[in-house]
A.B. asks: 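The structure is given below, and queries will be raised subsequently.
Sequence lines set the chain letters: A, B, ... in the order given, protein chains first and strands last, and positions in each chain run from 1.
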Amino acid sequence: MNAVPKLNAHTLRADFPIFEQQMHGKPLAFLDSAASSQKPRQVLDAMTEFYETSYANVHRGVYVLAERATEALEHARERVRAFLNAPDVREVIFTRNATEGINLVAYAWGLSNLGPGDLVVVTELEHHSNFVPWQFIAGKTGAEVRMIPLDEHGELDLSVLEGIAHDGRVKVVATNLISNSLGTINPVAKLAEWAHAQGAIYVCDAAQGAPHTKIDVQALGVDFLAISGHKMCGPSGASALWGRAELLQAMDPFMTGGHMINSVRLEKTTWGELPHKFEAGTAPMAEAVGLGAAIDYLEAIGLDAIEAHEHELAAYALGRLGDVPGIKLYGPPADRRAGIVSFNFEDIHPHDVAQILDLQGVAIRAGHHCCQPLMQKLGVAATNRASFYLYTIPEEIDQLVDGLHAVRKVFA
Amino acid sequence: MNAVPKLNAHTLRADFPIFEQQMHGKPLAFLDSAASSQKPRQVLDAMTEFYETSYANVHRGVYVLAERATEALEHARERVRAFLNAPDVREVIFTRNATEGINLVAYAWGLSNLGPGDLVVVTELEHHSNFVPWQFIAGKTGAEVRMIPLDEHGELDLSVLEGIAHDGRVKVVATNLISNSLGTINPVAKLAEWAHAQGAIYVCDAAQGAPHTKIDVQALGVDFLAISGHKMCGPSGASALWGRAELLQAMDPFMTGGHMINSVRLEKTTWGELPHKFEAGTAPMAEAVGLGAAIDYLEAIGLDAIEAHEHELAAYALGRLGDVPGIKLYGPPADRRAGIVSFNFEDIHPHDVAQILDLQGVAIRAGHHCCQPLMQKLGVAATNRASFYLYTIPEEIDQLVDGLHAVRKVFA
Amino acid sequence: MDAGLESLYREVILDHYKNPRGHGVIEHADAEAEGQNPLCGDEVSIYVAFGEDGETIDEVKFSGRGCAISQAATSMLMEMTKGRTADDVASLDKEELLAEIGVPLTPVRLKCAMLGLTTLKVALHKAKGTPLPDGLAGFDDLELT
Amino acid sequence: MDAGLESLYREVILDHYKNPRGHGVIEHADAEAEGQNPLCGDEVSIYVAFGEDGETIDEVKFSGRGCAISQAATSMLMEMTKGRTADDVASLDKEELLAEIGVPLTPVRLKCAMLGLTTLKVALHKAKGTPLPDGLAGFDDLELT
Ligand SMILES: Cc1ncc(COP(=O)(O)O)c(C=O)c1O
Ligand SMILES: Cc1ncc(COP(=O)(O)O)c(C=O)c1O
């Protein structure tokens with residue numbers, strides 16, 4: 001018997017209407033969940049029900065619909081808090097996507113706290129969304145950006161840290177928890193400790209982490225953490241940023257306008273309390289409700305079961321792909337990665353691979369995965385990437401492997 | 001016979017599931033559409049269908065689902081373009097809400113173009129979302145904010161313009177098209193002409209305008225225009241900003257990260273083409289599709305019919321409210337306002353009014369409506385506001401008036 | 001009047017609203033603060049005069065504008081706190097006031113009801129130089145915009 | 001191979017991909033530009049040498065990396081444009097190239113197919129000092145990220 005809880009992907013798959021159709025006359029093998037996951041009926045129903053029975057603008061209305069809507073939104077906020085084990089629900093800010101969460105910190109913290117001589121430390125593994133905002137705000141403030149390089153296993157080479165700390169004041173360390181290209185799981189808790197020893201804040205991009213592993217912001221010891229709702233069975237349009245209350249309270253707001261104020265005068269405007277200070281204008285209300293329902297869905301299955309399922313699939317995929325002639329695999333071994341596998345044929349471009357796979361019902365991603373610095377490091381323009389989620393079944397990986405043999409035949 | 005097309009609100013109402021329920025045992029009189037409108041089944045169905053049949057992350061995938069999703073998103077963008085009569089679809093940027101659209105301009109244009117001695121001109125009628133971002137960015141850049149005052153009819157007093165132009169370089173003029181508090185319709189085309197004569201850009205907040213009147217950005221002659229999808233039968237989570245291509249091209253981006261780049265290097269990052277440059281991270285895809293469906297819905301009814309319907313309701317409401325003893329009405333006459341009516345009992349607080357109305361199934365808004373400068377001008381902390389939309393029927397106004405008599409009885 | 005109306009706007013609340021106890025200003029008050037409800041712009045000022053011992057609330061008054069719930073709740077609060085010690089009132093459980101109000105309140109109206117209490121607590125903490133406790137009853141509710 | 005595969009990766013495309021015409025570099029080219037497809041990071045460089053008249057495209061070559069569609073399309077383009085005038089090619093209708101490719105393309109793959117043509121046009125406009133037309137065929141498509 002297995003101590004790790006197991007999920008039954010074949011059963012869960014029935015919750016996802018998208019799989020009720022065929023692609024080019026073949027079953028759909030959807031292996032692009034790292035870009036965005038599919039949605040279970042439970043999430044779609046929660047949003048529709050909200051619109052049909054409880055919709056109104058939140059927080060101000062004294063009538064029933066407004067109260068229901070406010071309660072639903074705030075309940076979703078509490079679900080996010082619990083999901084991240086955040087100490088205080090007021091630390092949870094709804095954003096459109098993980099990118100906005102990181103921009104919020106880069107602007108609202110960075111514009112007033114960064115300056116010449118300051119360093120922002122990122123990694124070669126970062127998604128553009130956790131690199132470009134830092135580069136952009138560093139450019140506006142005179143700070144500099146440094147990258148922690150990768151070693152040959154696709155893991156971070158932490159031996160450079162000491163040298164970096166000698167080059168300037170480290171003010172921000174920003175890394176992802178799980179790489180969206182290689183599936184690498186990064187040593188966030190360790191890096192956060194190092195960041196704090198430098199007097200820096202630690203910003204964690206958990207866009208790939210949150211769907212796949214249990215997150216505990218207190219155990220990780222980070223200061224900000226961004227998640228991406230649409231990658232964890234939630235709808236597009238709602239994600240969340242968590243931040244430490246002391247930091248959020250001391251910061252300027254990011255976007256300003258309706259809802260986020262305490263009082264507005266021509267002479268002076270004062271900001272509202274957390275989390276409202278960071279939520280200007282009408283919130284993505286139904287989408288936040290959908291995100292709350294997604295968290296209910298994930299937690300009913302269990303994050304540990306999801307994680308175990310993905311490790312199993314990653315191991316299976318690495319094994320089967322390794323047998324396809326001419327394939328080069330990137331990234332760490334199966335036991336040190338999430339359910340993401342990047343690979344290339346030596347002589348066939350990923351676009352062609354993905355296109356031919358599509359004709360066989362297999363959806364993978366081909367491109368730089370918003371990781372151009374990593375691609376440069378790997379010496380390629382692009383890779384193929386197959387990524388898995390709780391509804392992924394081994395048959396889809398078999399379909400991928402069969403498809404890759406067909407790709408080779410075309411280019412033989 | 002009437003030359004203006006008419007809509008049948010009683011029939012349209014059947015498209016809106018929210019009205020299938022009662023509130024406190026009474027029919028729901030929903031008179032808070034200016035805060036956010038209800039959604040027709042057509043819009044909810046379009047989103048559900050998108051999630052069930054065509055969901056994937058857009059723009060990069062070469063597989064069928066990604067192509068369908070991209071096509072749906074870009075079709076929605078084209079619907080917004082046509083709705084605003086914008087010259088070029090690349091000028092349409094999806095945002096979360098109108099507030100984000102205005103912040104985008106305030107940050108991305110304002111941070112690099114405003115400085116000491118520069119003036120940003122707004123009005124006393126502005127929603128906080130078109131005032132606070134300017135005040136905030138002016139504070140960061142050393143520019144100053146001026147307000148065009150209201151006259152006694154609740155309309156703008158343009159005689160101050162000349163004086164303002166003597167006080168500094170007018171760089172931005174930012175006003176709404178329709179006031180969310182008083183329903184005032186502002187002379188945007190005229191003000192835009194004045195702005196351009198000063199060498200300023202004109203930013204139009206059409207959050208209330210777009211739901212209620214046909215917008216033509218070219219005829220208005222504005223440079224930027226923000227709309228609020230959730231106020232025009234669209235879902236929460238997706239709205240749009242339109243801007244002139246030349247200005248957008250010359251600007252810095254606002255948020256940075258995935259999707260909005262051309263190429264990313266540690267040394268230098270270059271921005272993608274419009275509109276992508278302004279859409280960092282995963283877009284509110286399903287919500288944009290819902291907004292497109294909302295535009296289809298509105299256009300099938302006809303914006304002129306919607307506008308006429310609202311004028312009719314505003315006139316009816318002003319007449320009936322005028323007969324309630326002790327009521328003070330704010331704002332211009334019915335023929336110069338949209339379907340928004342603000343009022344106060346001389347001696348009963350709006351919170352109490354709205355609360356007692358709720359118990360009778362009537363939903364109105366009581367508060368400052370994110371217009372504290374206007375409230376100061378009116379010498380009150382708050383007003384009651386009833387606002388109408390295409391599904392509003394005169395019976396709801398009757399229900400409001402009956403409710404107000406009951407309010408008076410409680411406080412007699 | 002239907003049941004809902006009857007309960008929320010029951011006689012005692014309307015009476016406190018129409019005849020507020022302790023309405024006014026104390027010149028040279030020992031403790032003083034101003035609070036506002038960002039939802040509707042309502043403002044209240046609270047004034048406290050301590051007795052000889054510098055601890056007992058000898059007199060407490062309020063001024064400002066607001067809805068029936070906030071005005072009635074503040075009026076009740078004046079009656080409830082007169083004669084008690086600053087310490088005692090600075091940590092007053094909001095449930096005590098809610099019991100006095102005696103009708104269930106929705107979250108938005110709860111902010112109205114708490115405006116006076118929160119402002120009074122801020123006045124007392126300021127006067128005593130004690131830090132505003134993080135969990136200041138109703139404070140977060142109040143400042144929600 | 002099924003029908004879809006057969007059509008997209010038909011013989012002539014694979015042939016151009018495996019044996020690209022005009023692959024290489026022209027030193028001291030009269031016109032030259034580099035383009036990239038932000039979707040996948042593919043890059044192409046195009047080199048043009050004009051004839052005596054300074055108008056006729058005497059030689060045209062390309063280098064870079066890319067998928068079969070982009071490489072094949074660029075290879076076909078080399079054959080199509082050699083011997084024509086700069087003017088003519090700078091305003092070449094993209095449909096002409098698409099006809100040559102001869103298979104329907106999805107929007108993403110269209111960007112691949114247009115990379116060479118757009119880069120060639122940019123090279124010619126730069127060399128001639130003419131402004132890049134707003135509607136430069138495929139340009140917007142190409143630069144979509
Ligand atoms: C690691 C990582 N960070 C950030 C992002 C951006 O997420 P979003 O599209 O929600 O902004 C992604 C997703 O593409 C990602 O994989
Ligand atoms: C005139 C006006 N401007 C801006 C806004 C803000 O719109 P949103 O909530 O979509 O940001 C509103 C709506 O509250 C409004 O009425």
A.B. asks: Please determine whether the number of non-hydrogen atoms from other residues, nucleotides or ligands lying under 6.0 Å from atom CD of B:Glu49 exceeds 12.
C.D. replies: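 Not buried by this count: 12 neighbours or fewer within 6.0 Å.
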A.B. asks: Rounded to the nearest 0.5 Å, how far apart are OG1 of D:Thr106 and CZ of B:Arg68?
C.D. replies: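 Result: 13.0 Å between the selected atoms.
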A.B. asks: Identify the heavy atoms of D:Pro38 and B:Ile261 that sit nearest to each other, and give their distance.
C.D. replies: CB-O, 4.1 Å
A.B. asks: Check the surroundings of atom NZ in D:Lys82: do more than 12 heavy atoms from other residues, nucleotides or ligands lie under 6.0 Å from it?
C.D. replies: no
A.B. asks: Any chance you could measure D:Lys111, atom NZ, to B:Arg60, atom CZ, to the nearest 0.5 Å?
C.D. replies: 9.0 Å
A.B. asks: Taking CD in D:Glu52 as the centre, count heavy atoms belonging to other residues, nucleotides or ligands within less than 6.0 Å. Is the count above 12?
C.D. replies: no
A.B. asks: So with a 6.0 Å cut-off around NZ of B:Lys190, is the heavy-atom count from everything else above 12?
C.D. replies: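 12 or below, so no.
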